[in-house]
Amino acid sequence: MHKLRVFSFVSLLGISLLVSSCNKKNVNSSYGNWVRREDFGGTSRSEAVGFVIGNSGYIATGYDFNSFTTTGVQDSLGRYYDLWQYTPDPNQDDTKAGNWQGSSSQVGPGQTQLANFPGVSRNSAVAFSIGDTAYVGTGFDGTNYLSDFWAYVPATNTWSPRAAFPGGGRYDAVGFELAGKGYIATGYNGSYLNDCYQFDPVNNQWALVQQYPGPKCSQAVAFTSNDTAAYVCTGSNNGNTLTCNQLWAMTVVPVTPLTPGGVTWTERRQISNFSTQSYDDLYAMIRQNAVAFVMGNYAYLTTGNNGAERVDTWEYDIKNDLWYQETSFEGPAREGAVAFSINGRGFVGTGRNGSTNGGQFSDFYEWFPLQAYNSLD
């Protein structure tokens, strides 16, 4: 039996709209619509990082599996160190709404040149933002597992080094912000990992906190909800995605006279058909190298790889701990993409299909969860 779902959406004009739609639980949904936006301004790539400051999203670093020629923003192994800024147009009806500006010689007329990432070129790093500053670190340069850590301030367009990540070099970790602190967890350094470190931006210090209780994994996703909890799920261990079917929520334990503070993890329902109940009969979220982003009280998981590149999109009802399949991502199937949310609007782009000789993407899409599917946009 279909139940009524009620969504709350705040428009850019500050007008609150209440929209209801049928719950497509355990049914392939035709609800939700992907609209192609202006292609990523830099060169096609995958395994880049994304972060958001203010009204703009940013993409930096990454890898082109097809190009091994040194350029102004790419090393001889195909890895990038450029930085690009995306500012969406408030007019969401414009099919190409948004503007890219970037670094080095690729900047177009009238655009501001952004400062290149000053660390070595890399892929599969992590990034998160705290206030008006973004942080980028870890990753792989083709030879070394990296642990350096950098801060970027868009207001001054400057990068500066920060205390190196103390967990050792790694790549394919997850990074996120929660309650004014940054976190890096899981990843790969020749072995699969489940440790978790907290970064204090005020004191430029790292601290080891309670490890991720799920399986040791790489290529997982992380997302935060209303700055009250962070969630980690999916990923793989030694190529096995089936073992990474858990979803854990992390919350901050405040410092009190009786407690030293820290973090605590709470297991949510698994993301596979695990229970004897019917709610998860068609769950198919297990995958690696996917992307996730949050819009309001819902998170969205899409793309990735589970034996083949994926396009299926899933909505996570955070409050009720339930997943619903939505309209599939309308670009080509891919993994290693970038996703972020800007003022409640979700975007997905870049990525690759295939392995060493696979295609690289620069296309870029916006997700409208309350629109009916439209194949023409």
Side-chain angles (χ1 to χ4, degrees), residues 40-51 53 57-85 102-107 113-130 133-154 156-176 182-191 193 195 197 199 201 204 206 218-219 289 335-338 350-352 355-356 360 362:
F40 170 58
T43 306
S44 303
R45 69 192 63 190
S46 63
E47 327 295 339
V49 297
F51 56 86
I53 298 287
Y58 296 79
I59 292 179
T61 67
Y63 188 27
D64 183 348
F65 286 78
N66 298 318
S67 176
F68 300 94
T69 302
T70 302
T71 69
V73 293
Q74 182 187 39
D75 67 14
S76 60
L77 298 177
R79 290 171 175 82
Y80 290 92
Y81 54 89
D82 53 346
L83 172 67
W84 287 84
Q85 178 187 31
S103 57
S104 193
S105 59
Q106 294 176 322
V107 176
Q113 179 171 319
L114 301 184
N116 285 327
F117 174 67
V120 298
S121 304
R122 67 193 64 199
N123 61 280
S124 307
V126 300
F128 52 81
S129 57
I130 303 175
T133 303
Y135 299 88
V136 177
T138 68
F140 185 62
D141 67 1
T143 303
N144 304 297
Y145 306 123
L146 303 172
S147 61
D148 56 333
F149 197 63
W150 298 83
Y152 176 70
V153 179
T156 58
N157 190 28
T158 56
W159 292 90
S160 58
R162 290 294 186 263
F165 174 65
R170 67 184 65 192
Y171 68 97
D172 282 336
V174 295
F176 53 90
Y183 296 85
I184 295 178
T186 68
Y188 182 78
N189 67 353
S191 299
L193 305 164
D195 52 352
Y197 287 81
F199 177 69
N204 189 30
W206 291 92
S218 68
Q219 295 188 333
N289 216 11
E335 60 181 303
V338 167
T350 68
R352 64 184 172 93
S355 55
T356 302
Q360 306 290 311
S362 61

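Owing to the predicted nature of the structure, the values given are computational and were not obtained by experimental measurement.
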Evaluate the side-chain proximity of [Y] to [X]: yes if any heavy-atom separation is below 4.5 Å, no if none is.
X      : Y      : value
Phe199 : Asn204 : yes
Asn289 : Glu47  : yes
Ser46  : Gln360 : yes
Tyr58  : Pro154 : yes
Pro161 : Trp150 : yes
Leu83  : Phe117 : no

Task: Arg162-Ser160 side chain donor-acceptor pair, cut-off 3.5 Å - done: yes

Spacing of [atom1] belonging to [X] relative to [atom2] belonging to [Y], to within rounding of 0.5 Å:
X      : Y      : atom1 : atom2 : value
Ile53  : Thr133 : CD1   : OG1   : 6.5 Å
Arg352 : Ser44  : CZ    : OG    : 13.5 Å
Asp148 : Phe165 : CG    : CZ    : 12.0 Å
Arg170 : Leu193 : CZ    : CG    : 4.5 Å

Exam field: side chain [X] to backbone [Y], donor-acceptor pair closer than 3.5 Å:
X      : Y      : result
Asp141 : Thr143 : yes
Asn157 : Ala115 : yes
Asn189 : Ser191 : yes
Arg122 : Thr138 : yes
Trp206 : Tyr197 : no

For a quick test of reading the model, state the closest non-hydrogen atom pair linking [X] to [Y] and the distance between them.
X      : Y      : answer
Ser147 : Gly169 : CB-N, 3.7 Å
Pro201 : Tyr135 : CB-OH, 3.4 Å
Val338 : Gly50  : CG1-CA, 3.8 Å
Ser121 : Tyr81  : OG-CD2, 2.9 Å
Ala185 : Ala173 : O-CB, 3.3 Å
Ala127 : Phe51  : CB-CD2, 4.0 Å

- [ ] Would you mind telling me which of Asp64, Asn123, Asp82 makes a side chain to side chain donor-acceptor pair (under 3.5 Å) with Arg45?
- [x] Asp82

- [ ] Kindly assign one of parallel, tilted or perpendicular to the pair Tyr152 and Trp159, based on the angle between their ring planes and the thresholds 30° and 60°.
- [x]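 Plane angle between 30° and 60°, so tilted.
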
Measure centre to centre between the rings of [X] and [Y], then say whether the value is under 6.0 Å.
X      : Y      : value
Phe140 : Tyr145 : yes
Phe176 : Phe128 : no
Tyr171 : Tyr188 : yes

